[in-house]
Amino acid sequence: MRYLDVDITPKISKIGLGAWQFGSREWGYGDAYAEREADAIVHRAIDLGVTLFDTAEIYGFGRSERILGRALGDRRASVFLATKLFPLLPVAPVVEQRAVASANRLGTRLLDLYQVHQANPVVRDGTTMRGMRALQTVGLVGEVGVSNYTLDRWRAAEQALGSRVLSNQVQYSLVCRGPEDDLLPYAEAQQRVIIAYSPLAQGLLGAKYDRDHPPAGRVRAGNPLFLPENLDRAADLLGVLREVARAHDASPAQIALAWVIRHPAVTAIPGASSVAQLESNVAAADIELTADEDTALRAAAARFQPISGRSAIPKLIRSRRRR
Ligand SMILES: NC(=O)c1ccc[n+]([C@@H]2O[C@H](COP(=O)([O-])OP(=O)(O)OC[C@H]3O[C@@H](n4cnc5c(N)ncnc54)[C@H](OP(=O)(O)O)[C@@H]3O)[C@@H](O)[C@H]2O)c1
């Protein structure tokens, strides 16, 4: 495992583990996964040097936090535990109550990283960060983070907190490269962290799905990337991923992850549906892509133009009916 060069203890692993899948029915992994596989995934991750574990109060309405807390058990101290506040009404007293509730579900006295899941369009960050500051003062929260924040709003949150907001958790992958414009340079210059979510584009970049074999579960039934037309359009990118993968004796998913974590400020938090996937994802931390491979992957990613936005909606409805 490799770790981020940031003054944090325990060090943050370049590959973490996303726990949305734990206990969230919309992924469709079932009870055996929640009751047994999730535990095994967490333990294997710790064995392999993963320190960053990410969950949120909204995942499975608290079930993900409970499952993760139970799985960590007496190994809790060795990890950097991150959860998120769903900012329905993120005023200071609510922020404080919700942090306590998350800590209880996780069975911990410290949230190493407490993140605002997304920017609230109405409630500004002043009151939210007042709550965060109080939580840091009493020692329930170590570092404060945000998620899905623009750079301006991230900076505003830092100003409101009066100290660093360590991380911004954003979608970042070969099919979603927006954070490269401003968030990555800011993070690198300021010793901040970008936590890349959906680094495998929810499994698309694992290269095992096509129009005849779409993934199961409501999450991906609602993701336009898995529309039959988009799976067709992704064939070229997946082909380049396979080609680079062959040169490294690796899998397409490993190359997709190695690409995401090339940047020094980035850690990725792929979800895993099995221990084998987790092991494969961790091994991606050791893959070094060449500049030529990076160029080829970027070019293929730029050629991939999925149907998205409004034009995807009627197609999504039709495709859900067919499943
Ligand atoms: N802050 C936010 O707003 C936000 C939003 C989304 C996610 N997140 C966080 O980010 C984490 C990861 O994102 P995500 O779950 O959306 O997407 P992801 O990590 O890109 O995709 C995870 C899925 O990819 C497949 N996969 C994983 N490893 C693989 C491998 N080695 N080979 C082939 N397929 C593999 C698995 O699905 P199958 O095996 O079923 O194909 C797995 O469930 C979440 O768990 C959550 O913690 C945060």
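As the structure lists them, so they are numbered: ligands from 1, and atoms in each ligand from 1. Excluded from the calculations below are hydrogen atoms, water molecules and symmetry mates; all remaining heavy atoms, backbone and side chain alike, are included.
Close approach of ligand 1 to P270 is summarised as follows: ligand atoms under 4.0 Å from at least one heavy atom of the residue are 19 (O). Residue G203 approaches ligand 1 through these ligand atoms, each under 4.0 Å from one of its heavy atoms: 21 (O), 24 (O), 25 (C). Taking every non-hydrogen atom of Y209 and a distance limit under 4.0 Å, the qualifying atoms of ligand 1 come out as 38 (P), 40 (O), 41 (O). Of all atoms in ligand 1, numbered sequentially from 1 with element shown, those under 4.0 Å from a heavy atom of D54 are 9 (C), 46 (C), 47 (O). In the vicinity of K84, heavy-atom distances shorter than 4.0 Å reach the ligand 1 atoms 1 (N). Listed by atom number, the atoms of ligand 1 under 4.0 Å from A19 heavy atoms are 45 (O), 47 (O). If you number the atoms of ligand 1 from 1 as listed, the ones under 4.0 Å from a heavy atom of I269 come out as 9 (C), 10 (O), 11 (C), 12 (C). Each of the following atoms of ligand 1 lies closer than 4.0 Å to a heavy atom of S273: 38 (P), 39 (O).
Looking at heavy atoms from C-beta onward, R124 lies in side-chain contact with R153 at the 4.5 angstrom threshold. Residues L297 and L289 meet the side-chain proximity criterion, which asks for heavy atoms closer than 4.5 Å. Using a 4.5 Å heavy-atom threshold, the side chains of H213 and L231 count as separate.
S251 does not count as a contact of ligand 1, since none of its heavy atoms falls under 4.0 Å from the ligand.
Nearest protein heavy-atom neighbour of atom 15 (O) of ligand 1: Q21 NE2, 2.7 Å. Nearest protein neighbour of atom 29 (C) of ligand 1, counting heavy atoms only, is Q277 CD, 3.4 Å. For atom 20 (O) of ligand 1, the closest non-hydrogen atom on the protein side is L200 N, 2.7 Å. Looking at atom 31 (N) of ligand 1, its nearest protein heavy atom turns out to be N281 OD1, 2.8 Å. For atom 19 (O) of ligand 1, the nearest non-hydrogen atom of the protein is G271 N, 2.9 Å. Here the protein heavy atom with the shortest distance to atom 14 (P) of ligand 1 is S198 OG, 3.7 Å. Atom 21 (O) of ligand 1 has its closest protein heavy atom at Q202 CA, 3.3 Å. In terms of protein heavy-atom proximity, atom 6 (C) of ligand 1 is nearest to Y197 CD1, 3.3 Å.
Here E293 does not pair with R262 in a salt bridge; the nearest charged N to carboxylate O distance is not below 4.0 Å. Using a 4.0 Å cut-off between charged nitrogen and carboxylate oxygen, R155 and D182 do not count as a salt-bridge pair.
Pairing each heavy atom of N120 with each of P87, the nearest pair is ND2-O, 2.8 Å.
Residue contacts with ligand 1 for N148 involve side-chain atoms from C-beta outward but no N, CA, C or O (heavy atoms, distance under 4.0 Å). Counting heavy atoms closer than 4.0 Å to ligand 1, residue R220 contributes side-chain atoms (C-beta onward) but none from N, CA, C or O. In K208, the part holding a heavy atom less than 4.0 Å from any atom of ligand 1 is the side chain. Of the heavy atoms in P199, both backbone and side-chain atoms come closer than 4.0 Å to ligand 1.
When the options Y59, Y33, F86 are ranked by their closest heavy atom to atom 46 (C) of ligand 1, first place goes to Y59. Of the options W27, Y29, F53, the smallest heavy-atom separation from atom 38 (P) of ligand 1 is shown by Y29.
Side chains of D125 and Y149: a donor on one and an acceptor on the other come within 3.5 Å. Judged purely by distance below 3.5 Å, without hydrogens or angles, the side chains of E65 and S102 pair a donor atom with an acceptor atom.
Around atom CG of D5, no more than 12 heavy atoms belonging to other residues, nucleotides or ligands sit under 6.0 Å away. Counting non-hydrogen atoms of other residues, nucleotides and ligands closer than 6.0 Å to CD of Q159 gives a total of 12 or fewer. With a 6.0 Å radius and a threshold of 12 heavy atoms from other residues, nucleotides or ligands, D249 has its CG atom at or below the threshold.
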Passes side-chain contact (heavy atoms from CB on, under 4.5 Å), Q202 versus V219? Steps please. CA-CA 9 Å; Q202 296 196 332; V219 169; 3.5 Å; yes
Apply the test side-chain contact (heavy atoms from CB on, under 4.5 Å) to residues L4 and K14: give CA-CA distance (whole Å), side-chain angles for both, the deciding distance (0.1 Å), then the verdict. CA-CA 6 Å; L4 286 176; K14 287 284 280 182; 3.7 Å; yes
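Expressed to the nearest 0.5 Å, how far CG of L166 lies from CZ of R192 amounts to 7.5 Å.
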